[in-house]
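Accompanying notes for the structure given below.
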Amino acid sequence: MNICDDASLLLNDLNTAQREAVAAPETHVLVLAGAGSGKTRVLVHRIAWLLQCQLARANHILAVTFTNRAANEMRDRIQKLLGYNPSGLLTGTFHGIAYYLLRQHWQLAQLPETFQILDSDEQLRLIKRIIKEAKIDDKVFSPKKIQQFINACKEKAQRAQSVVLMSTDRETQAALTVYQFYEQTCQQSGLVDFTELLLKTYELLRDDESLRKHYQTRFKHILVDEFQDTNYLQYEWLKLIAGPAAKLFIVGDDDQSIYSWRGARIENIQLLPVEFKETLLIRLEQNYRSTKMILTAANAVIRNNKNRLGKELWTNGTEGDPLFLYKAHNEINEAEFIVHKIKLLGKDYHNNAILYRTSSQSRVLEEALIDQQIPYRIYGGMRFYERAEIKDVLAYLRLAVYSDDDAAFERIINTPKRGIGERTIEPIRALARQQGISLWRASRLLLADNGFKGRAAKTITEFLHYIESLIEQTHTLLLSDLIKKIIETCGLPDFYLKDNKEEGQRRIENLAELISAARQFEIFNRDEEKPILTFLAHATLDANNDNANETNHVQLMTLHLAKGLEFKRVFLCGLEEGLFPHQNSLDEGNVEEERRLCYVGITRAREQLYLSHAETRYYYGERSYSRASRFIREIPAELIDHIRFNNAPNYQANVKNKNEKFAIGTPVLHHKFGRGIIVDKEGQGEFTRIQVDFSENDCKWIILAYSDIELL
DNA sequence: CTAATCGAATTTTTT
DNA sequence: ATTCGATTAG
């Protein structure tokens, strides 16, 4: 048996198309992989195939994903499949790999060895600071807009000097000025934002021929997952690192492109076969996840999009249940319906996912789940390393490792409050700007020159001494002990407690968790040469500390977060015009992306799919009324079962105005059931009982009324 | 310098 | 409704 016969075992449980992809000859391959068609499987098997057929050694292979979740999953599955962990195989996110390259070549990239990664939050803070310093009117062009502008420029590989302005209006001019200052500050403070990671490596490879040759020779096979999410810079970056010889193995699905608002270019996937001649195109259309009903619905919806490569999912699986549709009176009623159904459908709560368009929709759902005492977990929101307390402590650490880090300096100079306010900081900034030095150096200079008056001099001295003591300890203490030390001595815990007792306690617990995380890190990275730097990068690049407990919870998340996941039962809620598709997308003329989002949502379900919409819901504290989403209409009616739900035929509340006389036909508003009219009444005074029709054609609700009923 | 108060803005989110 | 930020009063 030769090696390739052995490897053919890898092909055993694959279908024809998957096999064709995995065992493809050494050319470029573009795999159009529909939802649930086993794309990760193909990717992982391809790597194993290359290794086992000895087409490549592990260090010849580069595998790129977008999220850490995907990268971790890929690594796990490769190890499971091969039975060992191939050393030298480089897998990771675009940003993770770029970071790796910059750490290797920091000198060539003209960075300090201890350069720090700036997350979007810190990037925004920095931009705001610069706007203030440059005295630019932030009402003309908001900081967020400028942040987007800068990132967009970088994603087009445009430096501040080389920006090609589309328009020369005042706003754009101002944004460009900020961009210039921002670049300067980052360079000076050794700060690299997310996009900069990619841009810097891109420039490095572009401008340094020997380095470029080195990597182009090393990587003979480059595999990319979720290619539809790449932006311009990532694509250019990829082409550069691939060079003329490397073979690309690209997996993606244009129908699941839902990140255009973040710069993802669906065109890349269409461009690839044109730019890389002799690309083998393979479609994976057999779906192993969902029932026929669900797939038919998904196909029917996505068919309404004009701009697609074309693909139709099919399955050998069962017909399955029809889709269920519930029309709710309002968002509370919708939530009650979903929770009621979940309760009815058994105790395997983790089989249920509730998906929604906007995260604000989660609150009502959460309340309904609490009300019925059903365990749940909301995904998204604040992640561990994004929490203020964690970032505060890490800023101390950053300043200790690299004192010129202005972002870290600004963050903690007066956190906790030590009486260093604007009056004191402003001269430091001025000096720093004037001399072209960091805030840290400026404050030392100013102190030496007796530039601080009275109290300021004392507090600044204390602060500088404190940081200096930390700097010394970076050489002696273990990472986790250093963090522990910082927490104990910096005064943050007391500061948090003083601000808010309960919240403060939680923050302190998180700080304890940070020490554990550092300990964990030490254990898993024993031979790490620069543990502090790597830990800090890990904290920013992989902010998720998700101890995804596989416990029995209903899962709540936005549709965006659901991509790549699957659930036995999916509740897709808030299917209303204006919400989903979202009004902003309609205004921008980007319904197709919303439709792809809907397609993603539908194809998350293995067995049952519940759709729901509410006739009215609260929106920014105001009631709004909307029609059912067009996406519901795009699903063939014969696939849909309309369901009714009668959860409160006798809703009781207290009379607010006992002597009120209610006439039949009076329009009323109820916080739970929405708008209706009084159709009947019995009794009077204190125990008046009215019957209200809250939906013209459905069931009637008898209300024993009325503190929360408003007469209209 | 800090605390309180008022007003504006509010899709989606990874790295 | 709720949050964040800027302005204003202590």
Side-chain angles (χ1 to χ4, degrees), chain A residues 64-71 92-99 117-125 128 132 138-139 142-145 148 151 154-155 192-199 226 229-231 233-234 257-264 331 355-364 379-383 385-386 388 414 416-426 454-456 459 495 498-499 537-544 557-564 574 578-588 590 593-594 596-598 600-601 617-623:
Chain A
V64 195
T65 63
F66 272 85
T67 63
N68 290 296
R69 189 176 80 194
T93 61
F94 274 98
H95 296 84
I97 288 161
Y99 173 71
I117 305 167
L118 209 59
D119 71 17
S120 349
D121 185 60
E122 292 166 312
Q123 183 186 37
L124 189 61
R125 281 163 169 264
K128 280 179 185 164
K132 250 190 207 149
D138 63 348
K139 270 154 206 114
S142 74
K144 268 225 175 75
K145 281 268 163 62
Q148 283 167 16
N151 289 333
K154 290 191 178 196
E155 274 166 17
V192 174
D193 64 48
F194 285 132
T195 315
E196 185 74 22
L197 284 169
L198 291 166
L199 182 51
E226 304 275 19
D229 289 336
T230 48
N231 59 34
L233 181 58
Q234 284 159 335
S257 163
I258 53 175
Y259 287 111
S260 74
W261 50 275
R262 207 159 80 180
E331 79 281 8
L355 309 182
Y356 36 82
R357 177 66 237 271
T358 67
S359 20
S360 59
Q361 289 168 258
S362 68
R363 256 241 328 259
V364 185
Y379 289 74
M382 199 49 101
R383 280 163 303 171
Y385 287 106
E386 279 172 10
N414 200 27
K417 300 234 155 38
R418 45 174 72 86
I420 303 178
E422 283 307 301
R423 275 288 138 74
T424 315
I425 301 174
E426 202 37 60
R455 214 176 50 203
T459 44
F495 170 66
K498 212 152 96 197
D499 192 49
H538 165 82
T540 315
L541 282 178
D542 194 359
N544 253 317
M557 68 192 83
T558 63
L559 284 153
H560 284 87
L561 281 177
K563 191 167 80 149
L579 182 61
F580 187 32
H582 197 278
Q583 191 56 48
N584 294 3
S585 296
L586 294 175
D587 295 344
E588 290 160 20
N590 199 7
E593 179 145 315
E594 296 284 305
R596 291 192 290 270
L597 198 52
C598 184
V600 167
R617 76 170 63 231
Y618 267 105
Y619 228 40
Y620 303 136
E622 274 186 58
R623 188 180 291 280

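Just the heavy atoms: all of them, side chains too, but no hydrogens, waters or symmetry mates, feed the values below. Chain letters run A, B, ... following the sequence lines, proteins first, then strands; residues in each count from 1.
The phosphate of B:dT15 (OP1 or OP2) has no side-chain N or O of A:R262 nearer than 4.0 angstrom. Contact check, A:K128 against C:dG5: a side-chain N or O comes under 4.0 Å of OP1 or OP2.
One atom, CG of A:N151, and another, P of B:dT13, lie 17 Å apart when rounded to the nearest Å. To the nearest angstrom, C1' of B:dT14 lies 13 Å from CG of A:L197. Nucleotide B:dT14 holds its P atom 13 Å from the OH atom of A:Y379, rounded to whole Å. Distance, A:E593 CD to B:dT13 P: 13 Å, rounded to whole Å. Taking atom CG of A:L355 as the reference point, atom P of B:dT12 lies 15 Å away to the nearest angstrom. To the nearest angstrom, C1' of B:dT12 lies 9 Å from CG of A:L559. One interatomic measurement links the two molecules: CD of A:Q361 to C1' of C:dT2, which rounds to 16 Å at whole-angstrom precision. Look at CD on A:E155: it is 13 Å from C1' on B:dT13, rounded to the nearest Å.
For the ring pair (Phe, Tyr, Trp, His ring centres under 6.0 Å) test, residues two or more places apart in sequence or in another chain that qualify with A:Y259 are A:W261, A:H560. Under the ring pair (Phe, Tyr, Trp, His ring centres under 6.0 Å) criterion, A:Y356 pairs with no residue, sequence neighbours left out.
Between A:L597 and A:F66, the residue anchored nearer the 5' end of DNA chain B, judged by the nucleotide with its closest heavy atom, is A:L597.
With values rounded to the nearest 0.5 angstrom, A:F94 atom CZ is found 5.0 Å from A:Q234 atom CD.
Between the side chains of A:Q361 and A:T358, a donor-acceptor pair is found at a separation under 3.5 Å.
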Can you give one letter per nucleotide of nucleotides 2-11 of chain B, 5' to 3': B if a protein heavy atom sits under 4.0 Å from the base, S if only from the sugar-phosphate, - if neither? S-------BB

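Between the A:N151 side chain and the A:T195 main chain, no donor and acceptor come within less than 3.5 Å of each other.
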